[in-house]
Amino acid sequence: MLDREYDPKDIEQKWYDFWMEKKYFHADDKDGQKKAYSIVIPPPNVTGVLHMGHALNNTIQDIMIRYKRMDGYNALWMPGTDHAGIATQNVVERYLTEKGMSRHDLGREAFIDEVWRWREKHGGLIIGQLKRLGASCDWDRIRFTMDEGLSKAVRRVFVSLYEEGLIYRGDYIVNWCPRCHSALSDLEVEHEEEEGSLWHIRYPLADGEGDVVVATTRPETMLGDTCVAVNPSDERYTSLVGKEVVLPVMNRRIPIIADHVVDKDFGTGAVKITPAHDLNDYELSLRHGIQVIVIMDESGIMNENAGVYKGLDRFVCRRDLEGDLEEQGYLVDKTPYKVPVGKCYRCKSVIEPYLSKQWFVKAGPLAKEAIKAVEESRTRILPKQWEKTYYEWMYNIRDWCISRQIWWGHRIPAWYCEGCEEVIVSETDPVKCPRCGSEDLRQETDVLDTWFSSGLWPFSTMGWPDDTQALKRFYPTDVLITGFDILFFWVARMMMMGIKFMGEVPFRDVYLHALVRDETGQKMSKSKGNIVDPIDEMNKYGADAFRFALTAFAAMGRDVRISDKRIQGYRFFINKIWNAGKFVLSNIEGSDLQGVRIEKEKLSLADKWILTKLNRAIEDTRCALEEYRFNDAADTLYQFTWHTFCDWFIELSKPMMNDEGAPYTRWTLHHVFKSLLEMLHPIIPFVSEEIWQSMQGRQAESIMISPYPSVNKELDFPDEAYKMECINDIVSGVRSIRGEANISPSVMLDVVLKFKSRDMEDLIGRYRVLIQDLARVKSIKVISDQGQRPKKCALAVTSEVEVYVPLEGVIDIDQERNRLDKQINKARKELDAKQKKLANRDFLAKAKKEIVEEQQRIKEELDFMIERLIKAHSLLEG
RNA sequence: AGGCACGUAGCUCAGGGGGAGAGCACCACCUUGACGCGGUGGGGGUCCAGGGUUCAAAUCCCUGCGUGCCUACCA
């Protein structure tokens, strides 16, 4: 028996432990019987704590994997975490700072040891939280991007790409974070528009009179200017090209050159060129052989090339320099200006374009294959609108800066020979230089971008570069489920790497879900204070309610807006299921359901109806899951459970429990409810298991390994289902009259029915008691065509029957008259529209036949209703 | 600057060429023996605006307005 109230707390832990103990989550590499189905988890950062995004992402994955597992697949959900280079290093450094230390005090080796220790202590947090959510990952296989095996994969890939010329090292302007002291890839920069200024600065000509005025948003960079550029077709400047100007403050002579990239219409048409601190300027300097001067160090502090500003922070320098320029008469103008500012996605510092030596992946050739794979539908991207975004980015892909100047990560497997400058790139640590034989080798200190190793995730987690069973069985994976925000960061890179190194796309489908926002559509953030914490929600309402809420809101291509209140709503739903479970269990207790042999003719109309409805629900749910329409699956199940099974079938079953069909009703009650739990299990694993375990006729030891319900064609009765609905309509008709006339439920009514057809009339004999019970009716009288309709009564009209409720002595006749007037008006409006449509020649000629017929049918129904309602109106006068 | 979404009931959103839907909120009634975390009934919408295609448009197309997001080397 189930407890009076559902309490998620102990139950969730209990069943999760049970599943783990039974190893249900484990997928067998050797199982060649079952078809394989696999998903790799988007690895959360080891430093991370579960947020709403994780919760949504992993709930969806868990639904798919549990569904497929129940449906007979050898289902693998590969779990793991990501070493998150910069983020983790930041966290551990902060921790060291608290202890009054810096990583430099420790040194590289000791610091890395410290990070590992930190991971040992805190890194498991998010894994525990995923378990709390119910995630049925194959934990025996858990991987970490810094594991030995995955590190081997990283080296193999790096060396291979290097040898092919797809990885190179070179001087380039990169996005530099002065706080993290590292280069970042283009993707790791967040662009924002900020209120800034545009400074106009006068550069006097070196010889003779006059000057050139340049405009800039970053005046401090002028200290590194090495020329001024103008457009060759700009007549204002043609005579000046080739001459020199004197750089104010620095008093350096720099040339004026002509280049077509300069926009004549911007500012004054003359641009200051700072090759070491601006990408465009750098490229221009290469074309013209212009000198390059670096004026800042790695922390954004001005260096010796900045003259008197040496030692100043870049923003302090900007301020001081502005003052000096003004004082010396070089500042022509300063106007407010919206400037695009790049910020570090980890620490939000302003990014500095910075010339340095970095490692890059030549992305073009890899992208080409990744584009082709999607074009040829070897991988589908869903919802489809993201395909365009994917192509757009892939077509315009730029080389990927993969070196990071931090310590925590995969150290680049490159060595420099101190003897002959040879660069050695090798999977195994070399002992001597292959060229000069020197043993004085120095390993590259840079580490790789974390996404470089995440890009290998679908195959590195399965044991690559070794040729493993897991790879044979589970690669390519069936679907990747992730947020659209990492389409480029991660999905695109996995596509490129998977195709390159496995010769096969990493996944057949990519399902991109939306971001979770708060109820007003705001992105959740600590500073806004609108964070909803998944753990809090689960503590309050249980994991099942939380999961169901996420699922119900996960409409394809839409933001997921969630709030405490909405989750609470689904907690009520869980409670409803619990109570339905109590009802079902208490009614089948002690009865031998296994002994019941189902003979179709012995099933009641209600039984046949709910069985038919069950089939439709199974169809709809399966179809929705196959198409990743999770909200539709949730809606279907919610609707069926609450408004079909509970509201109608349970109520119908109550009176039926006393007649000769009772054993069949019990069987149906049990069968439908058990199927329902099984269908719900992937979404709400805990409560479904708890109730299921109390039920008879279990074929497996857990709901999670029992078969997912299939449509049963033997138990599908559309005709009977229609008849049952006619009976339900009668009940609704009576209830509606009662409600609108404000008749208390305690008043038992008399009802007179007049059917359209004999066929239906016969049904009443058997199911009279259902109507009486559900509509609270004491007598039912059926009248024939010729029969006199009772006087002074209310009427409800359905498609098959007229329902009369004599009202004399029961209610106010005037009120009923108003109610009828209202209905008549409404129906007439609709009828008007229909008549117009059906009178239209074009409509009759051009519309499809079925449509015309349907419209005709509707019109007739309306006719019928109006006629009855008017009749009822007149009968009220009595 | 380009691209992509989205404007439907008070709120959050489904739907998507032929009778406007759900959940929550609201109103009325109800100690019906699974459930008040409940039951029954009900009110409420020029489906953003304007044009076009069509026999028929909330739905398809265009334009505008509004909102959100992404991409970009505009000093």
>> Categorize Arg857(A) for me: base, sugar-phosphate, or nothing, with a 4.0 angstrom heavy-atom threshold over every strand shown.
In response: base
>> Given the structure, check if the side chain of Lys576(A) and the base of C35(B) hold any donor-acceptor pair shorter than 3.5 Å.
In response: yes
>> Distance check, C1' atoms only: U59(B) and G23(B), in whole angstrom units.
In response: 23 Å
> Reckon Trp578(A) has a side-chain N or O less than 4.0 Å from the OP1 or OP2 of G38(B)?
Replying inline: no
>> Pairing check on U71(B): which nucleotide meets the Watson-Crick or G-U wobble criteria with it, both distances under 3.5 Å?
In response: A1(B)
> Do Glu190(A) and Tyr345(A) get their side chains close enough for a donor-acceptor pair, meaning under 3.5 Å?
Replying inline: no
>> Please determine whether a side-chain nitrogen of the Lys or Arg among Arg828(A) and Asp832(A) lies less than 4.0 Å from a carboxylate oxygen of the Asp or Glu.
In response: no
>> Please give the distance between the P atoms of G16(B) and G41(B) as a whole number of Å.
In response: 28 Å
> Hey, does the side chain of Gln855(A) come within less than 4.0 Å of G19(B)'s phosphate (OP1/OP2), counting only N and O?
Replying inline: yes
> If you measure from the P atom in U12(B) to the same atom in G17(B), how many Å do you get, rounded?
Replying inline: 26 Å
> Does a salt bridge link Arg318(A) with Glu322(A), judged by any charged N lying under 4.0 Å from a carboxylate O?
Replying inline: no
> Quantified in whole Å, what is the P atom distance between nucleotide C65(B) and nucleotide C27(B)?
Replying inline: 41 Å
>> Can a side-chain donor-acceptor contact be found between Tyr172(A) and Asp399(A) if the only test is distance below 3.5 angstrom?
In response: no
> Taking the side chain of His643(A) as its heavy atoms from C-beta onward, which of U32(B), G23(B), C73(B) lies nearest to it?
Replying inline: G23(B)
> Using the P atom in both, what is the distance from U71(B) to A9(B), to the nearest Å?
Replying inline: 32 Å
